[in-house]
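All values derive from a computational prediction rather than experimental measurement. Note that ligands are numbered from 1 as they come in the structure, with each ligand's atoms numbered from 1 the same way.
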Amino acid sequence: MTESRFDIVVVGAGHAGCEAALAAARMGARTALLTINLDAIARMSCNPAIGGLAKGQLVREVDALGGEMAKVIDATGIQFRMINTGKGPAMHSPRAQADKHAYHAEMKRRLEAQENLLLRQAMVTRVIVEEGAVRGVATRDGHVYNARAVILTTGTFLNAVLHFGPAIVPGGRMGEPAAEGLSESLREAGLDVSRLKTSTPPRVNGRTVNFEGLEVQQPDPQPSPFSFSTEHIDRPQVPCHVTWTNPRTHQIIRANTDRAPLYTGQLTSTGPRYCPSIEDKVVRFPDRDRHQLFLEPEGLDTLEVYCNGLFTSLPQDVQEDMVHSIKGLEGAQIMRYGYAVEYDFVPPTQLKPSLETKRVEGLFHAGQINGTSGYEEAAAQGIVAGINAARKLQGKEPLVLGRNEAYVAVLIDDLVTKGTEEPYRMFTSLAEYRLLLRQDNADRRLMRYGRDNGLISDGLWRSLQEKEAAIAAVADYIHSVRRDGRTLAQLLRRPEMGMEQLRQADPQLARLASDPAVAEQVEIEVKYEGYLSRQREQIEKFRRSESKRIPAWLDYSAIPELRGEAKEKLSAIRPASLGQASRISGISPADIAVVMVYMEGRRRLNAAPKPLETSVPGE
Ligand SMILES: Cc1cc2nc3c(=O)[nH]c(=O)nc-3n(C[C@H](O)[C@H](O)[C@H](O)COP(=O)(O)OP(=O)(O)OC[C@H]3O[C@@H](n4cnc5c(N)ncnc54)[C@H](O)[C@@H]3O)c2cc1C
C-alpha cells in the first residue's frame, strides 16, 4: 500500500468534479482529482449541449463564481442560441451545442495547466473515515490518498448497471466500468444510499441521414457568450435539424412494450419525469400522434448525430425499426444504441447547505451523486463544494447563498431541505425570485463571492466595477433628463419604446450607454420596475425569516407541543433557520410557530438572572 497526502481529494472528473477541483486548487488547497478514465474528463454522457431553460442561468452563475464551464463551452460550442427571447428577460436562457470531444479536451487541458492540482487516473473504492471525520480515500490499485476533505462527484457510476433491452450489463456509462465498493463504504460510514435511473437516445451516422426536407434550426447570427470574460465566439457555427415521430413509430413501440425494461419490471427505480423515454411518452400520451425530435451534431470532427427526444432502453432490433420509421432517418445507421443506466445516489437531505455530509466531517458530495441530473446542475454544486471544502480548511464559514441570490442556491436548498425522489433538474418555476435571478445579471449578483474566494481575476473584477459605474451613470441620466415634460425613464416605460431608440435620439445617452450590457441592465430595471420592486419586498420578508437562526443544540424531541412527524423531520434535516424549516415538506406554519415560541422561551430563560442557589455553587 503506497500513500500520499493532500489537503483535498476530489473523486470523479465529471462536470461537478472538474469545477470542485479547479476551485479548491485555485484557493490554495493541495488538491488531487482522481478519476476512472482521463479520456472521459467532462464527458457529456447524454446530449451534446450546455445550457437551456434555467440551466443557462446556472452556467452564468458558475462563471460569476469563478468556474470553468462557461469558458469551456465558449471555446468549443458550435451552435449558440439565446432561447425564449419572445418572453420576458427572466426567461431568456443561453444554450449551445457542444463539440463533445473538443469540450472534453479543452477541460482536460485546463485541469492539466492548473497549479496545485494532481490529475490522476484511478478508481476510488473506499472512503476512509475515523471518528466521524474523513481521512482520505483508497483506490483499487492499492494507493491511499490522505486528505482533510474529500469531495465525491461520482455521477451515475456507483454500483451502476446499463439496460439494453433485456440485457443488463454492469457499467457507469456505455463503454465505462461501474464504481464498486464506494457505496458500501458510504453505508458503513452511516449514510443512506438509494437508487435512480435515467436513459439516453441512439446516435446515428450523419452520412446516412437525409436532412433534405427537415426543418432547420439555425444558430443566432450574433452568438452571445456564456462567460462574462469571453469577448466573442470564434468557432464555426452549424445548424440542427428537427424531425418528428409518427403513428408508425408509436405502433412499433406499442407492439414491443412487453420487451421494454421499463414495463417488464426489469427497471424499477425512478427516472426523470421531465425527460421521459420515448416508450414512456407513447404509453402515457396515447392521443399524441407525434413527438418532436432534434438531430444534434456531436461535433465538427465527427458525423455522429444525437437524436434528442428518442431516449430509450428498448431492445436494439426495436430501436432499428423505430429509427427507420422517422422522416430523414429511413436509412440511418445507428452508431450507438440508446440505453438506460441505474445507479446509486446518496439522498441529499443528509447534507448541510455547504454540501458537507452531516454524518462525516470533511466529506462533501456534489453532482448526480446527490440525485440531480444534468451537467449544469452538477457544475453548480461542484464549484460550491470545492469552495466550501477549501474554506473549511482555511477555518472560514461556508459559502451558503440565499434563494434570493442564485439558482445555485435554490438547487442546493431544495436538495438539502426537501430531498428528491427522482433525478432533480433545475426549472425557472422552482425559483420564487426568478425575476431578479436572470442570466443577464449573474455577474452583478454573484461575482463578489467569486472575488472573495480569489477566483475572479483583477481584470474581470475591474470590468464589473466599471460596468456598475456606467449603469449608475445611465440610470441617473435617464431619471434626470426630460423631453416634452417627461423624464427619459418615463418615456422608456412605454411598451413601444426601447433603449436603442432613446440612444439614437440622444447623443449623450448614446455615449453613456455605449456598452449593450449596460444599456440592457438599465432598460430591464426601468421597464420592469414595478415587478422588481414587489419581488424585492418579498425578498425582505424572506431575509427576515432566514435570519432567524435555529441553534445547533435545539432538541426537537424535547418540545412537547410539537407533532411527532414534525419532530422526526426537523431532527432529520436539522434546518439552519426558521426559513429553511418552513420549506421542509410536511412542516406546517403551526409547527414553525411552536418552534419559535419554544426558542423564545429558551432565550428568555437563558437571559434571566440565575436563581440565587445555583449562582453560589458549593454552599
Ligand atoms: C445514460 C445516461 C443518460 C443521461 N441522461 C440525461 C438526461 O437526459 N438529461 C440530463 O440532464 N442528464 C442526463 N444524464 C446525466 C448527466 O450525464 C449527468 O447529470 C452529469 O454528467 C452529472 O455530472 P457529474 O459530474 O455528477 O457526474 P458524471 O458526469 O457522471 O461524472 C462522474 C465522473 O466520476 C468518475 N468516477 C465515478 N466513480 C468513480 C470512482 N469510484 N473513482 C474515480 N472516479 C470515479 C467517472 O469516471 C466520471 O468521470 C445522463 C447520464 C447517463 C449516463
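If you check which protein heavy atom lies closest to atom 28 (P) of ligand 1, you get G155 CA, 3.9 Å. Of the protein's heavy atoms, S373 OG, 3.8 Å lies nearest to atom 9 (N) of ligand 1. Atom 31 (O) of ligand 1 has as its closest protein heavy atom G14 CA, 3.3 Å. Looking only at heavy atoms of the protein, atom 29 (O) of ligand 1 is closest to H15 CD2, 3.6 Å. The closest protein non-hydrogen atom to atom 22 (C) of ligand 1 is Q368 OE1, 3.4 Å. Nearest to atom 14 (N) of ligand 1 among the protein's heavy atoms is C46 CB, 4.0 Å. Taking atom 32 (C) of ligand 1 as the reference point, the nearest protein heavy-atom neighbour is T153 O, 3.5 Å. The protein heavy atom nearest to atom 49 (O) of ligand 1 is T35 OG1, 3.4 Å.
Neither the backbone nor the side chain of R120 has any atom closer than 4.0 Å to an atom of ligand 1 (non-hydrogen atoms only). Both the backbone and the side chain of V124 come within contact range of ligand 1, each with a heavy atom under 4.0 Å.
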Start with the C-alpha distance between V318 and I252, add both sets of side-chain angles, then the distance that settles side-chain contact (heavy atoms from CB on, under 4.5 Å), and finish with yes or no.
-> CA-CA 7 Å; V318 185; I252 293 166; 4.0 Å; yes
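A search for side-chain contact (heavy atoms from CB on, under 4.5 Å) contacts involving E184 returns N159, R187, not counting sequence neighbours.
The residue among A49, A122, A179 with a heavy atom at the shortest distance from atom 43 (C) of ligand 1 is A122. Closest heavy-atom approach to atom 36 (N) of ligand 1 within the set V11, I369, I36: this belongs to I36.
For a threshold of 3.5 Å applied to N or O pairs, the pair formed by G374 and ligand 1 contains at least one separation below that value.
A cation-pi arrangement, defined by a distance under 6.0 Å to the six-membered ring centre and an angle within 45 degrees of its axis, is absent between R203 and Y306.
The distance from ligand 1 to the heavy atoms of G367 drops below 4.0 Å at these ligand atoms: 26 (O). Applying the 4.0 Å criterion to heavy atoms of Y339 picks out, from ligand 1, the atoms 1 (C). Distances below 4.0 Å separate heavy atoms of S45 from the following atoms of ligand 1: 17 (O), 21 (O), 51 (C), 52 (C), 53 (C). For ligand 1, the atoms closer than 4.0 angstrom to any heavy atom of A378 are 22 (C), 23 (O), 24 (P), 25 (O), 26 (O).
Under 4.0 Å is where a charged nitrogen must lie from a carboxylate oxygen, and between E68 and R26 at least one such pair does. Using a 4.0 Å cut-off between charged nitrogen and carboxylate oxygen, D7 and R148 count as a salt-bridge pair. Between R254 and E279 there is no salt bridge, since none of the side-chain N atoms of the basic residue sits less than 4.0 Å from a carboxylate O of the acidic one. Using a 4.0 Å cut-off between a side-chain N of Lys or Arg and a carboxylate O of Asp or Glu, E176 and R173 qualify as a salt bridge. The existence of a salt bridge linking R95 and E296 is confirmed by a sub-4.0 Å separation between a basic side-chain nitrogen and an acidic carboxylate oxygen.
Ring geometry for H15 against Y375 counts as tilted: the plane angle lies between 30° and 60°, on a 0 to 90° scale.
Aromatic pair H143/Y145: ring centres closer than 6.0 Å.
Residues T349 and K358 share a closest heavy-atom pair of O-NZ, 2.7 Å.
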